[in-house]
Number of protein chains: 2
Amino acid sequence: MVPDGLLTVANYLAKMPNSMGHTMNPEAYKQKAMVIKAMAHPSRLLMLDALAEGEKCVCELQRLVGSDLSTVSKHLSVMKNAGLVADRKEGLQVYYRLRVPCVLRFFDCVEAVLRENSAAAARALRE
Amino acid sequence: MVPDGLLTVANYLAKMPNSMGHTMNPEAYKQKAMVIKAMAHPSRLLMLDALAEGEKCVCELQRLVGSDLSTVSKHLSVMKNAGLVADRKEGLQVYYRLRVPCVLRFFDCVEAVLRENSAAAARALRE
DNA sequence: ATGTTACTTGGTTATTTTACCAAATAACAA
DNA sequence: TTGTTATTTGGTAAAATAACCAAGTAACAT
């Protein structure tokens with residue numbers, strides 16, 4: 001059974017984003033959701049942040065997040081499947097790297113949301 | 001029981017993003033993940049896209065996504081909880097709007113990832 | 001071959017998420 | 001009051017996700 005996001009011939013046509021921006025079919029939203037979901041986990045965010053500095057092997061990433069190696073490996077495969085990261089084997093180690101750099105600017109916006117939340121909470125406290 | 005992301009006094013301190021960008025505590029990653037997770041669903045993406053045009057009532061959004069009204073309402077509450085949208089009641093209707101506009105630029109990057117995926121798939125086909 | 005290191009995969013269990021229906025609430029109308 | 005419309009909330013079942021351990025693979029060393 002082939003995972004949804006895998007780059008198979010079958011998936012190739014299905015996941016073509018159209019160029020019109022806002023009139024998108026449901027399939028396109030599924031694909032986008034898959035990519036975003038692949039980021040939506042604390043450990044995965046931590047790893048993406050770390051990969052901003054450059055490629056890292058699985059062992060380094062594991063030290064960073066502190067979970068079981070198999071857990072880290074599975075997180076990486078989710079992100080690889082979504083196209084967020086790519087890997088490269090060198091000797092015994094596997095190095096992961098960011099595949100599309102803009103992912104990092106993503107975080108600025110998330111932080112803006114959190115700041116806005118804090119500000120709203122602060123306003124609520126003052127009343 | 002209070003939901004994790006609710007803007008309570010207790011959560012106010014916990015979710016303060018620090019200003020140093022890359023040295024963040026685990027709690028901050030949880031908060032970021034919550035925001036991103038709130039986007040990570042096809043129907044929710046569709047609604048965010050629709051809200052880019054301006055505020056919309058729940059009934060309009062329901063017509064758009066086509067699920068049960070209660071389902072749509074719950075999706076909206078997830079996004080509201082994360083701070084992505086805000087609501088306003090007018091008569092019988094509740095209008096939702098984007099709370100932090102940068103959320104939309106988010107999508108450009110996701111589309112870049114998908115384009116990169118397609119390109120890779122195309123390269124794979126040529127071999 | 002045998003062992004070792006670095007990683008992935010399979011299996012299991014616990015938790016979370018999602019969808020729908022049904023019932024509750026809220027605002028307005030008659 | 002009674003009814004109607006718009007929305008939320010509670011309950012429940014199905015599906016997806018996440019964590020760990022154990023077993024498998026792959027590259028290299030002895």
Side-chain angles (χ1 to χ4, degrees), chain A residues 1-6 26 29-48 51 55-82 84-97, chain B residues 1-6 26 29-47 50-51 55-82 84-97:
Chain A
M1 225 162 305
V2 179
D4 245 21
L6 207 63
Y29 280 103
K30 269 202 208 167
Q31 294 297 330
K32 281 192 181 193
M34 200 216 359
V35 172
I36 297 180
K37 209 180 293 186
M39 289 191 256
H41 186 288
S43 304
R44 297 201 287 256
L45 288 179
L46 178 52
M47 292 193 267
L48 290 174
L51 293 177
E55 64 173 15
K56 300 225 184 313
C57 68
V58 181
C59 52
E60 283 178 277
L61 294 167
Q62 191 216 342
R63 276 192 292 278
L64 211 61
V65 314
S67 325
D68 191 271
L69 183 60
S70 71
T71 301
V72 172
S73 174
K74 276 171 186 170
H75 279 309
L76 287 165
S77 93
V78 168
M79 294 197 285
K80 181 180 167 183
N81 232 273
L84 292 172
V85 298
D87 63 343
R88 165 180 85 80
K89 181 150 199 172
E90 186 177 315
L92 283 176
Q93 280 149 335
V94 177
Y95 288 90
Y96 280 83
R97 62 179 180 281
Chain B
M1 226 160 307
V2 178
D4 245 22
L6 207 65
Y29 280 103
K30 269 203 207 165
Q31 293 297 331
K32 281 192 181 193
M34 200 217 1
V35 172
I36 297 179
K37 207 180 294 184
M39 288 191 256
H41 186 287
S43 304
R44 297 200 288 257
L45 288 178
L46 178 51
M47 291 193 268
L51 293 176
E55 64 173 15
K56 301 226 183 311
C57 68
V58 182
C59 51
E60 284 178 278
L61 293 168
Q62 191 216 343
R63 276 192 293 277
L64 211 60
V65 314
S67 326
D68 190 272
L69 184 59
S70 70
T71 301
V72 171
S73 175
K74 275 170 187 171
H75 279 309
L76 286 165
S77 92
V78 168
M79 294 197 285
K80 180 179 167 185
N81 231 271
L84 291 172
V85 299
D87 62 342
R88 164 179 86 78
K89 181 151 201 173
E90 186 178 312
L92 282 178
Q93 281 148 334
V94 177
Y95 289 90
Y96 280 83
R97 63 181 179 280

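The sequence lines fix the lettering, A, B, ..., with proteins before strands; numbering per chain opens at 1.
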Is there a side chain to side chain contact (heavy atoms under 4.5 Å, CB included) between B/Y95 and B/Q93 once you walk through the steps? CA-CA 6 Å; B/Y95 289 90; B/Q93 281 148 334; 3.3 Å; yes

In this structure, CG of B/L84 is separated from CE of B/M47 (nearest 0.5 Å) by 11.0 Å

Report the distance from atom CE of A/M39 to atom CE of A/M34, rounding to the nearest 0.5 Å.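 A/M39 atom CE to A/M34 atom CE measures 11.0 Å (nearest 0.5 Å).
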
Using modelled atom types and a 3.5 Å cut-off, is there a donor and acceptor pairing between side-chain atoms of [X] and backbone atoms of [Y]?
X	Y	value
A/S77	A/K74	yes
A/R44	A/H75	no
B/E60	B/C57	yes

Are any of [X]'s side-chain N or O atoms less than 4.0 Å away from OP1 or OP2 of [N]?
X	N	answer
A/Y95	C/dC7	no
B/H41	C/dA19	yes
A/Y96	C/dA6	no
A/T71	D/dA19	no

May I have the distance from [X] (atom [atom1]) to [N] (atom [atom2]), rounded to whole angstrom?
X	N	atom1	atom2	result
B/M34	C/dT16	CE	P	14 Å
A/R88	D/dA27	CZ	P	15 Å
A/E90	D/dC28	CD	C1'	13 Å
A/E55	C/dC7	CD	P	12 Å
A/R44	D/dA19	CZ	C1'	12 Å
A/M39	D/dT17	CE	C1'	17 Å
A/L76	D/dA18	CG	C1'	14 Å
A/Q93	D/dA26	CD	C1'	13 Å

Picking from [options], which would you name as closest to the side chain of [X]?
X	options	result
B/H75	D/dA6, C/dA19, D/dA19	C/dA19
B/L92	C/dC7, D/dT8, C/dA26	C/dA26
A/K74	C/dA26, C/dG11, C/dA6	C/dG11
B/S70	D/dA27, D/dA19, C/dC20	C/dC20

Answer with base, sugar-phosphate or nothing: what part of the nucleic acid does B/K37 contact at a heavy-atom distance below 4.0 Å? sugar-phosphate

Residue that, paired with B/Q62, satisfies side-chain contact (heavy atoms from CB on, under 4.5 Å) out of B/D68, B/V72, B/T71: B/V72

Interface with DNA chain C, restricted to residues 59-69 of chain A and to heavy atoms under 4.0 Å: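 Result for residues 59-69 of chain A: A/C59, A/L69, sorted by number.
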
Which is more 5' along DNA chain D, the nucleotide nearest A/V78 or the one nearest A/K89? Just name the residue.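 Of the two residues, A/V78 wins.
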
A/L76 side chain reached by A/V58 side chain, heavy atoms, under 4.5 Å: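 Yes, their side chains come closer than 4.5 Å.
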
